[in-house]
Structures are given as structure tokens and as C-alpha cells.
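Working notes for the structure below.
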Number of protein chains: 2
Amino acid sequence: MARTFGSVGKETEKRVLKEALTLFAHHGYAAVSMRQIAGQCNIQAGALYNYFPTKQSILHGLMKTHMKDLLLALDAEPLLEQPKAALESFARFHIRYHIDKPEGVFVAYMELRNLEPEPYAEIMKLRQKYERFLRKILRDGQASGDFKIDDVPVTTMAIISMMTGVNTWFRYGGRLGIEEIEKIYVNLVLSVVGLEPVNVMPRLEETV
Amino acid sequence: MARTFGSVGKETEKRVLKEALTLFAHHGYAAVSMRQIAGQCNIQAGALYNYFPTKQSILHGLMKTHMKDLLLALDAEPLLEQPKAALESFARFHIRYHIDKPEGVFVAYMELRNLEPEPYAEIMKLRQKYERFLRKILRDGQASGDFKIDDVPVTTMAIISMMTGVNTWFRYGGRLGIEEIEKIYVNLVLSVVGLEPVNVMPRLEETV
DNA sequence: GTCTATAAGACGATAGAC
DNA sequence: GTCTATCGTCTTATAGAC
């Protein structure tokens, strides 16, 4: 074979994004150097610039991909009319997605302040689109009388904060599995809008 | 006067901590340089080392002060026996304190990963002490039958995440004042443990 | 597409004058 | 206690060989 088929470059680019995501999630964007990223990819720092013009563009790319993927996955979910069913479905989706992609979630939230103004505005728009989805569910449920909500915008942020917080403590192999956590959070979210839990949980051994 | 009375040094040290806190909260510890901190204090970078042996020690000092102050303020709150009253009081305290000290809260949470192992362990112990306080309230309320809770540890983290999230969106001069936000969050927290809101909120004009 | 080498400057931290 | 000056190292990004 005279030349390399199957672009090696695309493979490297994906590898760079993967390793950068892990490094940014663990140490923070500002604390990670281009040399470190290159080292994790087994290439030299200079080679990174074949794919990304600046370090900032790596961060921006990661955050944009994360938010776009999140919104695409949300779009792929079945759209439910009934407010309680819609809220339950959204809660399940959010918990599952956030447990599934902890590094992306972490970076997309923690590194907002390291984005330059234009990328920042773009990512914030995507975030707001996601928040609007929940806000609409809450507004519909409030209008239909299904939910008891004092203030829809605040409750929207509260629910998202509560659920996203799962990433700060969840680790695989702990006391609870994903299915159990999903159930617990769904009930927490339903409680927040004044609804009864969907089913009773088995009582588990706990320690303070 | 032959010599300076009233230690100028202590003033400078306080100023350094104040400016460093603001800078760390806005740009992140790793993205802020000693020269920047010194610049905000109108001194030269070398002078910082009269007060702090390393940059890391500034961060550690800020986080330790924040957590100690938080726990001291919590200790100063009246201790209520009745689970519902205790939970309501804790929720009010948390919201008020977190709205009051947004920079400290932000740094204490976001910069954990930039702490070296020993300071990290110390700060985590203080965090856990705070979390245990809420966990005890929830456990008491569950035991007495006042609260309906699936899982106390998860609910503890969920409530703290939900409430701390107020810092991501609250700005003075917005649609809601602190008193209103406090009320809304108290009701959210009570709902989470299966209790009725303490009183009905006035319906406010909102936008999607 | 990846390498080596390097430019141009910022970094944390220190030394010594005053 | 603060200054200026500096050490040694690290940084992002580029240039040019292969």
C-alpha cells in the first residue's frame, strides 16, 4: 500500500478530544497544558495544532459537542402529553444522561467561565434551550392543575440543580445502582411539584 | 511618630484574601496569577510572600475560613426539636448564607480539585460535618414519621444541591427579592420530604 | 501528519536593597 | 513591609524538516 487509507488524522482528533475531556474534568481547563494533552495521546504538543488552532478551541468544541448531544438525545425521547408522565420521563432522562457522561457534564458546567465571550454566549443559548424544555413541562402542569408550584422559573432551576448534583457524589460500585438512583430522583422531582411518589422504595440499610 | 502603629500588615493580609477570593471566584484559581492578585491590592507580587508562603496556601486559607464560618454560623442558629421546624430553619439558613457569600460558596465548591491532598481532606471533613447536620434532621423526621423519605443520604445531597444552586442564577435587582426566594426554597425543601408548603405564595408575573 | 526546535513571554517563588 | 530584580521553569503557539 502506497499510502495510508482510513484517515489516521480523524482518529487522532477523536483521541485528543477524549483525553482533553478527561484531563479538563479532573484538573480543570486552566490547570491542564497542551503538553499534558499531547502526552496522554502519545504525540508531541505541536501536532495538536493540526486539529485545533488554540487550546480554547478544544474546550469550546468539547462543550458544544456535549450540549448538542444532550439536546439531540432529549429530542429523541418520546414526547408525552400528560404533565406527570412528561416530568417523570424528563427526570429519568436527565439522571441517566448525567450519570452516563459525568466528564462532559462536569466540564460543560465548571468551565463556562473559561470560555471567551462569543463561545460563552453560544453555549449558554444551548443550556437555556434545555432549561426551557423543563420549564414548559412545569408550566403545563401548573396550568392543568396537576402540579403545585409556587414559582416556575425558580422551580425549574431548583430541579435541574438537584438532579445534576448526582454527579458530585455518584460512583459506580457504591451502595446504590443506577436504577435505584433513577427511582429515588424521580420521586424527589415529583414531590417537588406536589405529587405522590410513583411507588414505594425498599428500605435499605444506611449509615450516617 | 517614629513607627507605624496599627499593623499595616494585617490590613494588607485581609485585603489580599478579599481580592484573591473575588479573582478566584470569577476566573478560577488556576487562571489567576500571583501578579494579578498583587495588582488588585496595589502591591508588588513579592510582597504577597510576607503573608502566604505559596499560592496554594491562599486558596486553602480562603476555603478553610469559608467552611469554618459556615459551621460557626450554623452553630449559632437556635436548635429546634420538631423535625419540620428544624428543616425549615436549616433551609432558611442555607439560602440566606449562600446568597450572602456567593464568592466563598463558589470557590469552596469549584476549587476543591485544586487543593493538594492534605488540605483537600481537611476541607472535605468540614463539608461532611455540614452535610451530617441536614442528614440528622432528615433521619429524625423519618423516624418520627413526619417526613416521607425514600433514601436519607441521597435526599440529603439532593436538598443541598438544590439549594446551593441558587448561586448559579440569583442576582440582586432581579425579579425576586431574597425574602421571596427564601420562602420559595423553604417550600421546595418541605415538598421534597412530603410536607405541605407553609403558606401560599402570591402569584407573580413570569416569562418563559 | 508528526516531529524537533524555538520564539516570546508568563508563571511561582526568592534575594537583597531600603 | 514593600520594593526591584531575577532565577528557573513552564506556557501557548509557530516554523520548518521529514
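Throughout, protein chains are lettered first and strands after them, A, B, ... in sequence-line order, and every chain is numbered starting at 1. Basis for what follows: all heavy atoms, side chains included, without hydrogens, waters or symmetry-related copies.
- The pair B/D140-B/K136 counts as a salt bridge, with a side-chain nitrogen and a carboxylate oxygen less than 4.0 angstrom apart.
- Residues meeting the side-chain hydrogen bond (donor to acceptor under 3.5 Å, both in side chains) test with A/E122, sequence neighbours left out: A/H60, A/K64.
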Using a 4.0 Å heavy-atom cut-off, write out nucleotides 2-15 of chain C from 5' to 3' as B (base contacted by protein), S (sugar-phosphate only) or - (no contact).
BSB------BBBB-
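- For A/Y185, there are no ring pair (Phe, Tyr, Trp, His ring centres under 6.0 Å) partners at least two apart in sequence or on another chain.
- Tested against A/V32, the residues A/E19, A/H27, A/H26 include a single side-chain contact (heavy atoms from CB on, under 4.5 Å) partner, A/H27.
- The side-chain hydrogen bond (donor to acceptor under 3.5 Å, both in side chains) search around B/N167 returns none, not counting sequence neighbours.
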Which atoms of nucleotides 16-18 of chain D (N or O only) lie under 3.5 Å from a protein N or O atom, and what are those distances?
none

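- Judged as a ring pair (Phe, Tyr, Trp, His ring centres under 6.0 Å), and not counting sequence neighbours, the contacts of A/Y130 are A/F90, A/H94.
- For the pair A/R96 and A/E182, the minimum side-chain heavy-atom distance is below 4.5 Å.
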